[in-house]
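So the structure is just underneath, and the comments pick up after that.
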Amino acid sequence: MRDLRKEPIQTLFLGTDWESREILNALYNDKRFKITGVITNEDKLIGRKQILTPSKVKEFALKHNIEVFHTNSDTEKYKEALERFNPELIVCIAFGEILPDFFINYPKYKSINIHFSILPKYRGAVPVQKAILDGEKETGISIMIMSQEMDKGDILKIFKEPILPNDTNISLRERLVKVSCKVLGNVLEEWVEGKIVPQKQDDSLATYCWQKDISKENAQILWESMEPEYIERMIRAFIPWPVAWCMWKDKRLKIFEAQLVKKENNEKAGTLFISNSQLFIATKEKNVCLSVNTLQIEGKNAMNYKEFINGFGKDIKEGV
RNA sequence: CGCGGGGUAGAGCAGUGGCAGCUCGUCAGGCUCAUAACCUGAAGGACGUUGGUUCGAAUCCAACCCCCGCAA
């Protein structure tokens, strides 16, 4: 049997953001794999000032002298990449492009992808956010063989992870990345050594999530109609983008952190009020309020409820 | 030149031509069984930068820097 520690697998890595970078870092430091190159997006214009910024994966690769390649969804470029790197294995994490069939099936050990859900549930672009928004109790990572159809490939292994009551899209994602880094190398080794039999997904149980589910429009809090529990989940799911928001005195108010509390009140849903030096927003339920910790008003930096009360308190009615 | 809001004490804000203010925090003291509560006192500011108008500018004018929301 091949000893991966003496003869590492020639691996081509595809990815873009910080999650990809963390996982790339784990593989890079794993003697069983030799990262021969990375494919990532072209530098993009980012932020209000539109600064040309390289992807996190590209930054990492340049720093560690790994060859960087751009494909730009161009079939010819994919052919070129295979000739250039001749990979035994492709690992793809959060890479934006649709990959051609010949490309993903080329390597001896196929193309492997990690998806942040328990497949076949939450196939698609925003599984972590949607799982929180739906109030799911657990999610996980699915390591699978890539197929032409999105997130439909055969499963090598699934690792479950509980969704905690105060988990945000960021905190949960960080744990999922951590788990991924920890287990991916071992799963890949078992796979290469033929110890894993890939399992087909049961398509009849599949659910999907789309980028448009997590949009600015869907991040608007409708106090009159939405259930308090749903509002609280929105706040956790829409971090760091687009951030749950509502209007207050003709300004946009973003809510970064808040909890539901039991509190009798007579305020109209969506009204801000202060009680016991705490900031609350009334929901449509008379005995449930949102206790706000961190918020941001249009034109200002984010601030905690105390700072908000210091400056804006006189504009808010003292309640209950 | 995409649209708009803003920069004043450590923090959040008020102050639109005439002594630099409020709330919170900090420090000292007091009260209290005790406290994130309350009382007394104190420290802490080139009012984003540069230039202009004026007897006098945080305030009016010009340019620039920085932060934020929207749009992309």
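Order of the sequence lines fixes the chain letters, A, B, ..., with proteins taken first and strands second; residue numbering starts at 1 for each chain.
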- Query: Please walk me through it: do Trp241(A) and Phe256(A) pass ring-ring contact (aromatic ring centres under 6.0 Å, His included)?
  - Reply: CA-CA 10 Å; Trp241(A) 187 92; Phe256(A) 283 82; over 10 Å; no

- Nearest-angstrom distance, P atom, A46(B) to A11(B): 12 Å

- Task: Considering only atom C1', compute the distance from C19(B) to C24(B) and round it to an integer number of Å.
- Result: 25 Å

- Query: Does a side-chain N or O from Gln296(A) land closer than 4.0 Å to OP1 or OP2 of C68(B), or not?
  - Reply: no

- Message: Tell me if A46(B) is syn or anti. Syn = glycosidic torsion within 90° of 0, anti otherwise.
- Response: syn

- Message: Using the P atom as the point on both nucleotides, what is the distance between U8(B) and C60(B), in whole Å?
- Response: 16 Å

- Query: How far apart are the C-alpha atoms of Lys195(A) and Glu189(A), what are their side-chain angles, what is the distance that settles it, and do they pass the salt bridge (Lys or Arg N to Asp or Glu O under 4.0 Å) test?
  - Reply: CA-CA 9 Å; Lys195(A) 291 177 183 167; Glu189(A) 179 173 24; over 6 Å; no

- Query: Does CD1 belonging to Ile98(A) count more than 12 external heavy atoms closer than 6.0 Å?
  - Reply: no

- Query: Passes salt bridge (Lys or Arg N to Asp or Glu O under 4.0 Å), Arg233(A) versus Asp134(A)? Steps please.
  - Reply: CA-CA 8 Å; Arg233(A) 295 201 300 269; Asp134(A) 289 349; over 6 Å; no

- Task: Using the C1' atom as the reference point in each nucleotide, state the distance between A62(B) and A72(B) in Å, no decimals.
- Result: 30 Å

- So, does Ser20(A) use its side chain to make a donor-acceptor pair with the main chain of Thr16(A) at under 3.5 Å? yes

- Message: Would the distance check show the side chain of Arg21(A) and the main-chain N or O of Phe60(A) forming a donor-acceptor pair, the cut-off being under 3.5 Å?
- Response: no

Pull out every protein N or O sitting under 3.5 Å from an N or O of nucleotides 10-13 of chain B, one pair per line with the distance.
| unit_1 | atom_1 | unit_2 | atom_2 | d |
| --- | --- | --- | --- | --- |
| A11(B) | O2' | Glu307(A) | OE2 | 2.4 |
| G12(B) | O2' | Glu307(A) | O | 2.6 |
| G12(B) | O2' | Gly311(A) | N | 3.4 |
| G12(B) | N2 | Asn310(A) | O | 3.2 |
| C13(B) | O2' | Gly311(A) | O | 3.2 |

- Task: Could you work out the separation of C39(B) and G56(B) based on their P atoms and round it to a whole Å?
- Result: 44 Å

- Item | Spacing of the C1' atoms in U16(B) and G6(B) (rounded, Å) | 16 Å

- Task: Both distances under 3.5 Å, Watson-Crick or G-U wobble: report the partner of C64(B), or none.
- Result: G48(B)

- Query: G4(B) phosphate, OP1 or OP2: any side-chain N/O from Lys251(A) under 4.0 angstrom?
  - Reply: no

- For atom P, what is the distance between U59(B) and U54(B), given to the nearest Å? 16 Å

- Query: Considering every strand shown, what is the Watson-Crick or G-U wobble mate of U16(B) when both distances are under 3.5 Å?
  - Reply: none

- Message: Under 3.5 Å for both donor-acceptor distances, Watson-Crick or wobble: does A37(B) have a partner, and if so which one?
- Response: none

- Item | Base partner of G10(B), which must satisfy Watson-Crick or wobble distances under 3.5 Å | C24(B)

- Task: Indicate yes or no: does Lys58(A) engage Glu42(A) in a salt bridge with an N to O separation below 4.0 Å.
- Result: no

- Query: Between A58(B) and U49(B), how far is it from one P atom to the other, in whole Å?
  - Reply: 11 Å

